[in-house]
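Source: prediction; values computed, not measured. Convention: sequence-line order gives letters A, B, ...; per-chain numbering from 1.
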Amino acid sequence: MTPDLLIQSTIIGLSIGSIYILMALGLTLMFGMMHIINFAHGAIYMLGAFAIYYIFSQWGAPYFAAFVLAMLLLGTFGYLVERSIYRPIKGGIEPTLVALLALTTFLQAAGYPVFGQLDKHVPPVFQGTRNILGVMISVERLMIIPMAGALVVGLYLFINKTKMGAAMRAIEQDKEAAALQGVNVHVVNGLAFAIGFALAAASGALMAPIFKLDPMMGEQPLLKAFIIIILGGLGSIPGAILGGLMLGLIDSIVATALGAEPAFLLSFVFIILLLLFKPTGLFGYAPP
Amino acid sequence: MRRLRVGVLIVLGLLLLLVPQLGGDYYVHVFALVFTNVILAASLRPSLTCGQLNIGHSAFMSVGAYASALLAKNLAVPFEVSMLCGALLAAVVGLAIGYPSLRLRGVYFAMVTVAFVEVIRLIAQLWVPLTRGMSGLSGIPKPNLLGVTLATKASQYYLALFLMLLTLLILWKLESSRLGLIWKSIGMADNLAQSLGVNIANHKLLAFMLGCFFAGVAGAFYAHFIRFLFPPEFGFLMATNILVYNYVGGRGHFAGPIVGAAFLSLLSEPFRGSAYETIFFSIAMLLTILFLPGGLITLPGKLAELRWWKSASAHSPSPAA
Amino acid sequence: MKPWRSVIWTTLLAAAVLMPGSPGTAVAADIIKFGISTPLSGPAAPWGIPHKNATELIFDEINGQGGLEIGGKKYKLEVVAYDHKYVIAEGVATVNRLIAKDGVKYISVLGGAVVKANEEPVNENGVLNLPLAYAEGLVSPKNPLTFHSFPSPPETTTFWKWIKEHHPQIKRVATISPNDDTGWWSIKVETAFVEKLGYQIAGKEFFERSMTDFNPVLLRILAQKPDIISVLASPAGSVGLIIKQARELGFKGRFIHVGQVDTSVVANIAGKANVEGTWVHGYVQTPLPEKVKSWQARYTKKYGEWNATSIDFTNPAFAFVAAVKKAQSLDPKKIGEAMRTVEFDNLWGKAHFGGKDYYGVGNQIIYPMPFSEVKDGVATLVVQLSPPHN
């Protein structure tokens, strides 16, 4: 592998990394706040992308408006899921996981008759390519970086600087104590679901013009998001950022050096080793 | 009451024995796979009882399947030996992955199992000289059991039935024994169990390895029945299905995974090959989880409650009157 | 011990639900049942749906004219179709259902791995199979009743001869294909053929079907400076992404897919300008010969929207009908014998089954295959070629 190729591969890797960070955000929040692995993350990502398809591409709304609408719609869906699935199961972690799995299966299977069998596309929002250190990157991929950044900053501010965020942190530390302090646990849980879903939808919406749309498109992002939050430590936002970048670089450089298949295998082996020897990841904390 | 229960069980047993005569090759195929699913679901139960959320069970089925298939195809090993080898190999692999990971709690353990399913799948895909990778391993011989080749689907069906009953018997005996009690105690309050002198790690490992062993058994049968192995088949989807059989059937009783596996496998059959198959399946899953959180095994209990409730309210005056 | 009751109830319920459907007969009254196991949902549905539709349309038209005549008696043709979603277990279960429950004796299966998984059941039951699949070893003496109804790489790679003649400036070929049997076999055949013609192989890459970001792999390939990239066996969505991302990275050469792919879907994803000059087999949007235009009108009338993939997927139905007419029998073996000698019309011209010199048995469909070049976003017919082996 020539030095030139290595540099190009690194740049691509950073671009991929920013995409991965975006994918991991919603999952990080849901796990950090509620200790739930949102198995439906991929399906919601997919719905976010399709929301953009219909609202922006088919009905002609401006992209930003479509984006916000997608987040609101799926955020509401998240709240409804909390009320109708999570709450009645009395918050058991395992049944909730299974229920989310069932939800995912349903959404993906129903996507085909509802959205159609052929792959769809969304026209690009940003045109053109730029030359970065010898490799041409499309502007739309470069724009992921500031957009992901904005979401990360927004999330961070929310968690650490708002009352709701404080309430979430309180519940995460000690549910009963928080309730005694007057925090309405149900509402906050609902909000956590809503935000988690909205973030998943946001990443799907941002990714829609870059790749293609099909009902199974959320599977890969789900898997990548899992790996990232393991790498970075479940529940940690800085961890998710670092984890995303690391995974992006690994995926890119190994794939360019050795080919796609070996890269795929190596990433899983890496995860297993990490889990066995440092299960809390790079930035995580020990589970309760 | 007892006599009725025994009577119904006998009728059930007779029906199962007569499936080849009553149903022909089609139902033989369907039920043989249902039995395989029951073995998979029941073998996952000990792990779940210990509180280990294992979403990787299909990986061990894969190990058992490939091992038995390759031994039989390349070395003409008879089925009883190749199946045992496959199951033992699955257990050994389970030991290798279980020993370091079992000290991980809850979510982390689940993640390792998910990652592990993918690793096994990729190994099967990439180790082409051995497994023929994505071309699929074909030409697997029919089960050669104790010198007799089980050439007809019906004979293979009885093999599946036998393996399932044997597996269930062994697992039932273990669960009703002191071992089963220890597992339950670990699942409910492991710190407490530990303080009473229970070696949690070893018992969890045992539950895990036992599950892997029987998953290997199921895999071996599957390999010699379908006679074509394709790495993506044993992926995340199958692993989650096995987990779902346990949850939908019911975590609280030994019969839970049996009911779950049988019910869900059979439910797909009328919808087999229709575009709505997965949709109905997932809706059934969701409804069961929402309305019968204890699983299907609680259904008769709930129905009984309903009947009691109705008759109770029939006697009391209605507020509207 | 309440849970035991639910075990009992479950099985009794299942029995009640399933038992009434006893195994049927293939020829009830005057009906010939033809089975189809194909992906009707999921990523491969763009192939499965036209497969089912084309067969049903042809059978409808024959039924409309009174049906198929065998030994003086008229029979109606009926399609029994199941969705296998490209999952092997479903593929095996659907074929099992067709053979054992529906009593079907003639089927058409789409999908390399699914057809291979069903090789033994098909052979053991003496069922006639007219698959649409790329799978090494599928057409072979050990599958005497399997007649592959679609050109595969050993046939379609002949197009490279045409490229060599008309575009001599192309010298270096790179390939990207899905990481499965279809991809491996296709690339094996294609690279062997082009190397014999004197081309240099500038890289061979395989990807997981779920992959969407090809940038790292493309970096690897483009470093070898290929003039043309073959995306043989890749589905339309992946091809669209490959082309889009390769263009972003600065690749200016052409793409080629001698399998079959819907270039309108590719053009949508990659951008019309980016797919200019792409070569493809088996997919033509214009100009359509009369016969094909007429098919387009009939297909659109029945199904409401046109799908050019259906053109080549008419082969199983045409072949079946022609062979049954010639054999004048319902016995799969006799129909198979007739299949080897019958000549019939498909939408591109005269077709027959041959290829004995290459495969060892004459069970591969042979006809003048269409090749197109994408011009201004539209797949334009460029030439029709016959395979190198007859």
Side-chain angles (χ1 to χ4, degrees), chain A residues 1-2 4-6 8-9 11-13 15-16 19-20 108-113 116-124 127-129 131 135-141 207 210-217 219-221 223-224 248-261 263-264, chain C residues 39-50 83 85 176-179 183 203-224 235-242 244-251 262 264-272 305 307 309:
Chain A
M1 184 163 188
T2 67
D4 249 2
L5 201 55
L6 184 60
Q8 292 174 1
S9 186
I11 304 289
I12 294 278
S15 151
I16 295 180
I19 293 178
Y20 287 169
Q108 287 175 337
Y112 283 100
Q117 302 290 348
L118 296 179
D119 290 344
K120 306 221 168 347
H121 76 293
V122 168
Q127 307 272 8
T129 57
N131 189 324
V135 65
M136 306 292 288
I137 306 219
S138 64
V139 175
E140 58 181 4
R141 290 180 72 120
M207 232 44 83
I210 299 185
F211 298 115
K212 63 180 168 83
L213 281 72
D214 68 87
M216 298 293 276
M217 66 188 281
E219 291 230 310
Q220 272 295 294
L223 218 52
K224 296 290 183 197
L249 284 170
I250 294 174
D251 275 356
S252 177
I253 297 178
V254 178
T256 303
L258 299 174
E261 283 301 297
F264 210 61
Chain C
L40 293 172
S41 64
W47 284 314
I49 295 178
D83 175 12
K85 311 178 188 54
I176 308 186
S177 266
N179 181 37
K204 273 196 267 195
E205 289 300 318
F206 294 97
F207 62 91
E208 286 279 303
R209 277 193 185 262
S210 57
M211 195 151 111
T212 51
D213 200 331
F214 293 91
N215 275 288
V217 176
L218 285 169
L219 268 184
R220 190 172 150 82
I221 287 185
L222 295 179
Q224 315 258 11
S238 307
V239 175
L241 290 173
I242 292 172
K244 175 177 180 181
Q245 291 165 11
R247 295 280 184 238
E248 278 169 11
L249 286 174
F251 179 67
D262 185 332
S264 65
V265 173
V266 174
N268 274 338
I269 295 172
K272 203 165 76 160
E305 66 172 337
N307 188 327
T309 306

*Checking C:I49 against chain A: side chain, backbone, both or neither under 4.5 Å from a heavy atom?*
side chain
*What part of A:Q220 gets closer than 4.5 Å to chain C, counting heavy atoms only: side chain, backbone, both or neither?*
side chain
*Closest heavy-atom contact between A:K212 and C:S238?*
CE-N, 3.9 Å
*Can you say whether C:N179 sits under 4.5 Å from chain A via the side chain, the backbone, both, or neither, judging by heavy atoms?*
side chain
*Do the side chain of A:T256 and the main chain of C:P216 share a donor and acceptor less than 3.5 angstrom apart?*
yes
*Under a 4.5 Å heavy-atom cut-off, does chain C meet the side chain of A:L223, its backbone, both or neither?*
neither
*Please state whether the side chain, the backbone, both or neither of A:T129 comes within less than 4.5 Å of a heavy atom of chain C.*
side chain
*Enter the distance from C:R220:CZ to A:L5:CG here, rounded to the nearest 0.5 Å.*
9.0 Å
*chain C heavy atoms under 4.5 Å from A:A257: which part of the residue, side chain, backbone, both or neither?*
backbone
*Pick one of side chain, backbone, both or neither for C:E205, based on which atoms fall under 4.5 Å of a heavy atom in chain A.*
side chain
_Under 4.5 Å from any heavy atom of chain A, what part of C:L241 do you find: side chain, backbone, both or neither?_
side chain
*Best-contacting candidate, A:V254, A:D119, A:I19, A:L213, against chain C by heavy atom pairs under 4.5 angstrom*: A:D119
*What residues, two or more places apart in sequence or in another chain, satisfy side-chain hydrogen bond (donor to acceptor under 3.5 Å, both in side chains) together with A:D251?*
A:Y20, A:K224
*asked:* side chain to side chain contact (heavy atoms under 4.5 Å, CB included) for C:F251 and A:M136? Distances and angles first, verdict last.
replied: CA-CA 10 Å; C:F251 179 67; A:M136 306 292 288; over 6 Å; no
*Stepwise, does the side chain to side chain contact (heavy atoms under 4.5 Å, CB included) test hold for C:D213 with A:F211?*
CA-CA 8 Å; C:D213 200 331; A:F211 298 115; 3.9 Å; yes
*Taking every heavy-atom pair that is under 4.5 Å apart, which of C:D262, C:L249, C:V217 has the most such pairs with chain A?*
C:L249
*If only atom types and distance count, is the side chain of C:K244 paired as donor or acceptor with the main-chain N or O of A:I210 below 3.5 Å?*
yes
*Go through A:A255, A:S15, A:G259 and name the one with the most non-hydrogen pairs under 4.5 angstrom from chain C.*
A:G259
*Quick one: do C:T212 and A:M217 satisfy side chain to side chain contact (heavy atoms under 4.5 Å, CB included)? Show the steps, please.*
CA-CA 9 Å; C:T212 51; A:M217 66 188 281; over 6 Å; no
*Choice from A:V122, A:T2, A:L258 maximising heavy atom contacts with chain C below 4.5 Å*: A:L258
_C:N215 and A:R141, any side-chain heavy atoms less than 4.5 Å apart_ = yes
